4 protein chains.
Amino acid sequence: MTTETSPVTRAERKKQELRREIIETAFDCFAERGYHATGIADIATQLGIGHGTFYRYFENKRDIVDHVITDLVERIVAALVADNAPEAVNSLAGYRAQTARIGDALARIFGSDPRLARFLLLEAAGIDAEMRERVLDFYDTAAQMTAEYLHHGVRVGYLHADLDVDATARAINGMILAAVLSELRNPDPKAQARMGEAIRRVMYDGIAARA
Amino acid sequence: MTTETSPVTRAERKKQELRREIIETAFDCFAERGYHATGIADIATQLGIGHGTFYRYFENKRDIVDHVITDLVERIVAALVADNAPEAVNSLAGYRAQTARIGDALARIFGSDPRLARFLLLEAAGIDAEMRERVLDFYDTAAQMTAEYLHHGVRVGYLHADLDVDATARAINGMILAAVLSELRNPDPKAQARMGEAIRRVMYDGIAARA
Amino acid sequence: MTTETSPVTRAERKKQELRREIIETAFDCFAERGYHATGIADIATQLGIGHGTFYRYFENKRDIVDHVITDLVERIVAALVADNAPEAVNSLAGYRAQTARIGDALARIFGSDPRLARFLLLEAAGIDAEMRERVLDFYDTAAQMTAEYLHHGVRVGYLHADLDVDATARAINGMILAAVLSELRNPDPKAQARMGEAIRRVMYDGIAARA
Amino acid sequence: MTTETSPVTRAERKKQELRREIIETAFDCFAERGYHATGIADIATQLGIGHGTFYRYFENKRDIVDHVITDLVERIVAALVADNAPEAVNSLAGYRAQTARIGDALARIFGSDPRLARFLLLEAAGIDAEMRERVLDFYDTAAQMTAEYLHHGVRVGYLHADLDVDATARAINGMILAAVLSELRNPDPKAQARMGEAIRRVMYDGIAARA
DNA sequence: AATGAATGAGGATTCATTCAT
DNA sequence: TATGAATGAATCCTCATTCAT
């Protein structure tokens, strides 16, 4: 009679909660020990549930890892897309600022949880052939996203008119990839800031001494 | 009969030969099916030896993968170092040419065998925690190598005096990484050439429209 | 409101009803998929109840199968006994007619539901050692029932005086068993009629050509 | 240099021997405990081998049971066919003698090993749907074999000219089935002999008192 | 009373590794 | 030295059963 919701909803919510906890614990285990070294029992034990319970929420071991990945990618994309539409920018300075914003967002995401990079960049592709393709798909999608920013810049005129947009997008993403990887060994935020700065200098100035 | 080497040596040579064949076949299987999906028996069968024989040449499954990696890294480093000492260059134009040479060499190495990238960049890190560290070590070493080139350029004066050498080296290597990864999906040599060109343009010109 | 029975009785009746439905559904599943391939959840789902409810009506999986069998045997015996008392007959012609009646009844029972033979003759004995004994008990009981008919015939005089009643009863039941089994593959009523006819001819005429 | 065969042959023979032992032990377990209650580990332990060894000889649990059945059926058919060709007989007396011979052979086969009937008649059909069909196929095949004997008798003239050969064959096999089943409860050879005698009396004289 | 979420014993199967031949 | 038969630890997954709601 109070603000209590219906029992159905409450049970449903609890179910979703456990489902989420399983995904997170699985992510934890996979990132820490690796997919193949992680048993379903490990995930269940770490979460404090029976391992049979796991199978009430996910089909099998392969199923959960798909959900883990989907979950992570969604979170990353959501964090990047926020307030960073390609069309929101109309000058080199604006783009540079946007680049910094995106870089900061990435640093925040990957910096907040080292397991993220470890799992996505080092572990995932080795799970099986299908996952390998999924990782490559992910890189392709990321390249397309970056390419859109470049396209916009070329159209508006603040980027080289003859920029090879697709190839350059991949190159830029490679630098981001390197930054994320470097953080795994050197989680110091200052080092991360330096990586961001270096990437932006390469992007805008190149590396050559000025004439 | 005179040129005949001693039997011991001949046997030894044969042994080394088989050892090498096992390493290559293991690489083949690991790259194709993945480390975890590959059984010792798969390697032995593909090579036409008994799988017990495998254990006369390598301690265990983990042992062989170490040797595979060592072998690959050696081959790659050898191909890169040849005629590309950092000190051999004294001008931006020379450096640019050297960059192109190195890029060509990389394209040749990774283009000649798609399993190389697949195994080193997608498979290896997922094998276990130790291998993950080894892969990260490899990235560190590669960054140091690239950094030497940049250092030299700064010292001689054809690169920015205040270049953040280490961070920039990682960024550049990230672009190379992206190029190698892109080749996995798009093995067309022309696409590869475009990637190289785009990377060099970013490095030397940046992406901004000229003033 | 006057004819209304007490609530206890009504609830009790409903309970008995569900109990019966569970038995029937279990029979259905066991006959269709087999005992071992049938899960409690399958039965519950097919009946549209929660599988926890099952355990409010039956101790466990083994319990239900006992009830299923008891239920089936009762139904079969009831159908056979009706109007077919051994003593009701006093001549060979009468016995022959009775045999036909019983055969028709059996054909009706087993013909009406192929799951019956499938479950009782092919599935039940494989459930476990105890059930195996129960099935053998059933064959013994059936032999005794048939033997009573033969006994009566010998006493009255229309059957061989020196008939080995027990062994012959088993032999006759074996023919019935064969008829029921043949129906599983050939459910055509005409084929069934032929089997009945053939059995009766063997019983009364033997197979030898007449002198 | 003695009578020793080549090593290859010896190893091969040993392999075949173990294979046979596994089949026999599996038969033993299946007949004793039932297919579903028998674990691969049970078979292996009873035979004194590691359970992994089992899988070097048979694909999986289902595979072995197929081989067990095939093996048994072969043995039974071989024992029956020996010296009992339908065409070898040309008179009722001869046929009666042949019937007795076959009955004796069956009694010997099934009497020598009670597990045979237990497994084939009570256990096998309950294994799964496919095996159920195989058992029914077996009954069909047996009916065809018996029918051939009857056909021959009709052709030659010592059996009823208008005998419903197929249906009668099934009926006769049903009596045999009953005899084999009865032996499970009453392994006394005398009882078995009585069953055989009763079956033959039914076949040749019928059960009716002589006019 | 009905439900279904949780549980874990149990069992099939794989595969790296050993070792007798 | 090469082999492959044997092994059993390890792991995924199922499903009968319990019990809190």
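Worth knowing before you read on, the calculation uses all heavy atoms, side chains too, and leaves out hydrogens, waters and symmetry mates. Keep in mind it's a predicted model, so treat the numbers as computed, not measured. Naming: A, B, ... by sequence-line order, numbering from 1 per chain.
- In this structure, C:Phe58 atom CZ and E:dA2 atom P are separated by 13 Å, rounded to whole Å.
- For C:Lys15, whose side chain is taken as the heavy atoms from C-beta onward, the closest listed nucleotide among E:dA5, E:dA1, F:dA6 is E:dA1.
- Across all strands shown, F:dA5 forms a Watson-Crick or G-U wobble pair with E:dT18, both key distances being under 3.5 Å.
- Closest approach of B:Ile49 to B:Phe54, counting heavy atoms only: CD1-N, 4.4 Å.
- When rounded to the nearest whole Å, the span between CD of A:Glu21 and P of E:dA6 equals 11 Å.
- Residues D:His67 and D:Asp63 have side chains that bring a donor and an acceptor to within less than 3.5 angstrom of each other.
- In the set F:dT17, F:dT7, F:dA2, F:dT17 carries the atom at the smallest distance from any side-chain atom of C:Lys61.
- A straight line from CZ of D:Arg19 to C1' of F:dA6 spans 17 Å, rounded to a whole angstrom.
- Note: OH (A:Tyr35) to P (F:dT11) measures 13 Å, nearest angstrom.
- Side-chain contact check for B:Thr25 and B:Arg20: no donor-acceptor pair (N or O, by modelled atom type) lies under 3.5 Å.
- Figure legend: cation-pi geometry between A:Lys61 and A:Phe30 absent, as NZ or CZ is not positioned both under 6.0 Å from the six-membered ring centre and within 45° of its axis.
- Looking at heavy-atom distances under 4.0 Å, B:Thr38 makes contact with sugar-phosphate atoms alone, never a base.
- Within the 4.0 Å cut-off from OP1 or OP2 of F:dA6, at least one side-chain nitrogen or oxygen of D:Tyr57 is found.
- The side chain of D:Ile40 approaches E:dA12 more closely than any other nucleotide in the set F:dA16, E:dA12, F:dA2.
- Between the CZ atom of B:Arg62 and the C1' atom of E:dC15 there is a distance of 18 Å, rounded to whole Å.
- Contact annotation for A:Lys14: no contact, since no heavy-atom pair falls under 4.0 Å across all strands.
- For B:Ile64 and E:dA16, the CD1 to P distance is 13 Å, given to the nearest whole Å.
- Taking 4.0 Å as the cut-off between side-chain N and carboxylate O, B:Asp66 and B:Arg62 count as a salt-bridged pair.
- Within 4.0 Å of A:Gly52, counting heavy atoms only, lies at least one base atom of the nucleic acid.
- Closest-nucleotide positions on DNA chain E for B:Glu59 and D:Ala41 were compared, and the one nearer the 5' end corresponds to D:Ala41.
- Going from atom CZ of A:Arg56 over to atom C1' of F:dC13 covers 15 Å, rounded to whole Å.
- Within the structure, a side-chain polar atom (N or O) of D:Thr53 is placed less than 4.0 Å from OP1 or OP2 of F:dT7.
- Map A:His51 and C:Gly48 each onto its nearest nucleotide of DNA chain E; the residue landing nearer the 5' end is C:Gly48.
- Nearest-nucleotide positions on DNA chain F place D:Phe54 closer to the 5' end than the other of A:His36 and D:Phe54.
- Rounded to a whole Å, the CG atom of B:Asp42 is 12 Å from the C1' atom of E:dT14.
- The listed nucleotides are E:dT17, F:dA5, E:dT13; the one nearest the side chain of B:Tyr55 is E:dT17.
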